[in-house]
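Read the structure below first, then the notes.
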Amino acid sequence: MRSLTAALALASAASACQRDWDALHRRIERHAEHGHDHGHSKRQDVEFPPVLTETESILVNSLDSKDLDSWSYYYTHGDHLGGHNRTMAEWTMQQWSDAGFDVHIEEWAASSSFWIWYTAPIHTSLTLNRADGTAHDVSLIEDMLDEDSTTSYPNRIPAYHAMSASGNVTAEYVYVGRGQQADFQVLKDAGIELEGKIALSMYGGIYRGTKVKNAQDNGMIGAVLFTDPQEDGEIIEANGYLPYPDGPARNPTMIQRGSVRFSSLYSGDPSTVGYPSYEDAPRNDLRPYNPSIPSVPISIRDAIPLLQALDGHGVPGVEANRTNWVGKLNATYSTGPAPGSTLHLDHLMNGTVAPAWDVIAVINGTHDDEVVVIGNHRDAWVIGGAADPNSGSAILIELARAFGRLLENGWKPRRTIILGSWDAEEFGLQGSTEWVESRLPWLITNAVCYINIDVAVSGPRTGLSGSGEMQTIAVDMMKKVLFPDTWGPFPTLYDMWYNTTEGHISPLGSGSDYAAFYHNGISAIDMGSDAGRSDPVYHYHGHYDSYAWMSRFGDPGFQIHRAMGQWLALVAYHVVDDVIIPWDMPNAARVLRNYYEDLNATLAEAYPDLSIDLSPIDDAVATFADEADRITTVAQQALAFNDTILIDVVNAKYRDFHKGFASAGGLPGRPTFHNVISAPGLDNGYGADVFPAVQDSLSSGNEEQAVEWVTKSAQAILRAAEILKV
Ligand SMILES: *[C@@H]1O[C@H](CO)[C@@H](O)[C@H](O)[C@H]1NC(C)=O
Ligand SMILES: *[C@@H]1O[C@H](CO)[C@@H](O)[C@H](O)[C@H]1NC(C)=O
Ligand SMILES: *[C@@H]1O[C@H](CO)[C@@H](O)[C@H](O)[C@H]1NC(C)=O
Ligand SMILES: *[C@@H]1O[C@H](CO)[C@@H](O)[C@H](O)[C@H]1NC(C)=O
Ligand SMILES: *[C@@H]1O[C@H](CO)[C@@H](O)[C@H](O)[C@H]1NC(C)=O
Ligand SMILES: *[C@@H]1O[C@H](CO)[C@@H](O)[C@H](O)[C@H]1NC(C)=O
Ligand SMILES: *[C@@H]1O[C@H](CO)[C@@H](O)[C@H](O)[C@H]1NC(C)=O
Ligand SMILES: *[C@@H]1O[C@H](CO)[C@@H](O)[C@H](O)[C@H]1NC(C)=O
Ligand SMILES: *[C@@H]1O[C@H](CO)[C@@H](O)[C@H](O)[C@H]1NC(C)=O
Ligand SMILES: [Zn+2]
């Protein structure tokens, strides 16, 4: 059943790291069908040219493309895998300090910084041995390019899957499509033996660790994941585009690294789930949280011989009857196995506990019980990391400097501003999660919201996801940012965003550092931009996510960086300094109602014979909407009369109501996910399910538990409404 739900569901736009265009468009169509009102006006209603206040102009003019270019250059010319580069943390600290912030590297008790568990490869090899006795050795690193200096650094990092298991296995292998549960069902229905075989899976659609988990759950003993040009829209060699570095198409040797931890089950350090990983912290059993079978990622170039060796064996790809099963390589995408053709995967990982470094910068506000956290991770899979994550890192330096301009003029923000430069996000959101876990009571009491910027720029297409109350200020500020004219007739960032999304904003799933904040009941948004179907292909988690690629193809002149930085600066400024926190509470209610309707429609389609009474949620949303309207009126009055006591009361409620959504015990089977409104889908891992505990209970066949979670979810909404009550 899960697969059906997932196919309909609120898929992957919420991932900072990768967007699934098909899923996004399915969702947009679905919203149109259900007549959802997302409340965001069409282009013609937007004022142009934008009118900015004096302070807004100072901020916007402070962002500089040349500076962004030089910060990007710094971040993308040294190994900065999680826990590898303290110097880079110190440099970041210095930049923020120069801008006027109080800074420190997070140092804990007796230890220096926090200690995270992770794995590094000691030895990996993968060989195809064909039935005819010939063999093919797979390369686990990209080609070095003269045009891209960091691809030939001696300490460049080979491709691997963080948190994968060690193993030395030789077996026949089966192509499993995109590795979703429904794909495995096709194989089982066709009588293909999976037990004891190695899975060959296409990347795309769902989070990679979920593919490995599905292979493992079907008795397979290893997994090989390949990139297919199917992901690349129109920009493929077959359409006449040259591969990078000669053109915008994907370089066929590129390999997508990444973590394969079970991300929909937990966030942070898998050895300290739910508590901070101090050096001397007790360590829990890792087995529930990471795969027990070895897996490796491979390139297009090496996928071709592996797929071709299966041609003519098992079910041909077109007969699997699954969308996205057949990709764009020269093969039939047959399931196999091909008798006598085997893969030999020898993979030895070293588990270690080692320090990692978060950089924290603070400006105290006049109200120290109202705190806004703005964060980006610093660690990257490759020497470069120009898009993921250092486009965001470069922007955070410019943001600090923009606020620095205001500080020079004597500005004292109303709210305390915290900037976070997180380490070790790529292994599993360790830096941000452990920081949140170590500060939890204080954050729950004082945090107004968290703003995340990870892949700020990997193309021109603006993306936004997150909490309903924060959406309107984020969208309004897009209208004040001019967009570079290189990318089409889109005068403002808003126009680009509207063209990309038709006004649609996804709920948060997982996949970047907002997870720990959002799941402890803190309002959060995620800001970024991607490549669309006709933009230069972004080499996600590969060595060509480099400064050379960014400055030639991704964002020549660093103009999108500038626009994204201006947007962030305007949003952050209003959130930290408006007298009343700029939340749109009626929009929060509207978003809850849309999610309720999504849940209702999803259940009706996936479980047509089931009748579960969802009216408790319906009623709770109605109560929430009443309180949202009421407090909005009170907020307007408080401002009109400059009633400082009432202003403080409204702000406290705006800060606190979201905590009502966090369920104390966590979602069933997911101890670190508390937010009953949305969470990463269990068979997706990136994109979000709404009312996840209800959906999870049903997909595991537990109707009684689903009913219980309808009640608990409704109670959570009523708790939030109660906090808003004035
Ligand atoms: C850390 O990063 C900086 C900047 O990219 C680089 O110059 C330095 O060599 C890196 N340090 C290590 C140990 O790789
Ligand atoms: C892996 O197994 C092969 C035999 O299948 C053996 O030759 C090789 O030495 C093993 N590798 C390691 C690291 O033990
Ligand atoms: C795919 O559909 C065709 C035509 O309906 C059918 O013959 C075939 O068995 C299906 N394949 C699988 C794997 O179910
Ligand atoms: C596709 O592969 C077949 C062998 O499987 C080969 O004969 C053919 O030339 C290939 N086509 C292209 C366009 O590479
Ligand atoms: C494994 O990790 C430990 C701890 O970080 C390190 O000291 C050791 O050198 C590593 N072993 C290998 C073979 O890389
Ligand atoms: C900011 O506030 C904190 C807590 O109130 C205090 O410890 C710190 O010294 C303040 N920093 C500055 C620069 O005033
Ligand atoms: C987006 O822009 C393109 C190019 O101008 C246009 O053809 C398309 O209709 C626009 N789509 C939306 C949803 O505005
Ligand atoms: C809930 O779903 C049913 C079945 O599709 C539909 O008839 C009903 O209108 C939906 N209710 C709401 C509030 O969306
Ligand atoms: C509101 O009142 C506060 C405190 O009395 C005062 O400092 C502030 O200037 C007033 N603001 C306006 C807009 O009148
Ligand atoms: Zn990232």
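Not measured: the values here are computed from a predicted model. Ligands are counted one by one from 1 in listed order, and the atoms in each one are counted from 1 as well. Scope of the values below: all heavy atoms of this structure, side chains included, with no hydrogens, waters or symmetry mates.
- Ring pair His77/Tyr73 is parallel by interplanar angle, where below 30° counts as parallel and above 60° as perpendicular.
- Looking at Tyr74 next to ligand 1, an N or O pair under 3.5 Å apart turns up.
- Residues Met349 and Met163 have side chains not in contact (no heavy-atom distance under 4.5 Å, counting atoms from C-beta outward).
- Residue Asn85 holds the heavy atom nearest to atom 3 (C) of ligand 1 of all those in Asp79, Leu81, Asn85, Thr150.
- Atom 1 (C) of ligand 4 is approached by the protein to below 4.0 angstrom, counting heavy atoms only.
- Heavy-atom separations between Met88 and ligand 1 include at least one value shorter than 4.0 Å.
- When only non-hydrogen protein atoms are considered, atom 4 (C) of ligand 9 lies nearest to Thr644 CG2, 4.0 Å.
- The protein heavy atom nearest to atom 10 (C) of ligand 9 is Asn642 ND2, 2.4 Å.
- For the residue pair Asp232 / Tyr241, no side-chain donor-acceptor distance below 3.5 Å is found, with atom types taken as modelled.
- In terms of protein heavy atoms, atom 13 (C) of ligand 4 is closest to Asn330 ND2, 4.3 Å.
- Scanning both residues, Arg156 and Ile141, for their nearest heavy atoms gives NH1-CG1, 3.3 Å.
- At a distance under 4.0 Å, no protein heavy atom can be found next to atom 7 (O) of ligand 4.
- The aromatic rings of His161 and Tyr203 stand perpendicular to each other, their planes meeting at an angle above 60°, with 30° marking the opposite boundary.
- Regarding atom 9 (O) of ligand 1, its nearest protein heavy-atom neighbour is Gly78 CA, 4.4 Å.
- Here Trp91 has no heavy atoms under 4.0 Å from ligand 1, in either its backbone or its side chain.
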- Query: Please walk me through it: do Glu142 and Arg257 pass salt bridge (charged side-chain N to carboxylate O under 4.0 Å, His left out)?
  - Reply: CA-CA 11 Å; Glu142 288 91 342; Arg257 293 145 183 80; 2.8 Å; yes

- Task: Show your working on side-chain hydrogen bond (donor to acceptor under 3.5 Å, both in side chains) between His80 and Asn390 and close with a plain yes or no.
- Result: CA-CA 11 Å; His80 54 302; Asn390 302 120; 2.7 Å; yes

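- Between His539 and Tyr244, the ring planes lie tilted relative to each other; the angle falls in the 30° to 60° range.
- Closest to atom 5 (O) of ligand 4 among all protein heavy atoms lies Gln308 NE2, 4.0 Å.
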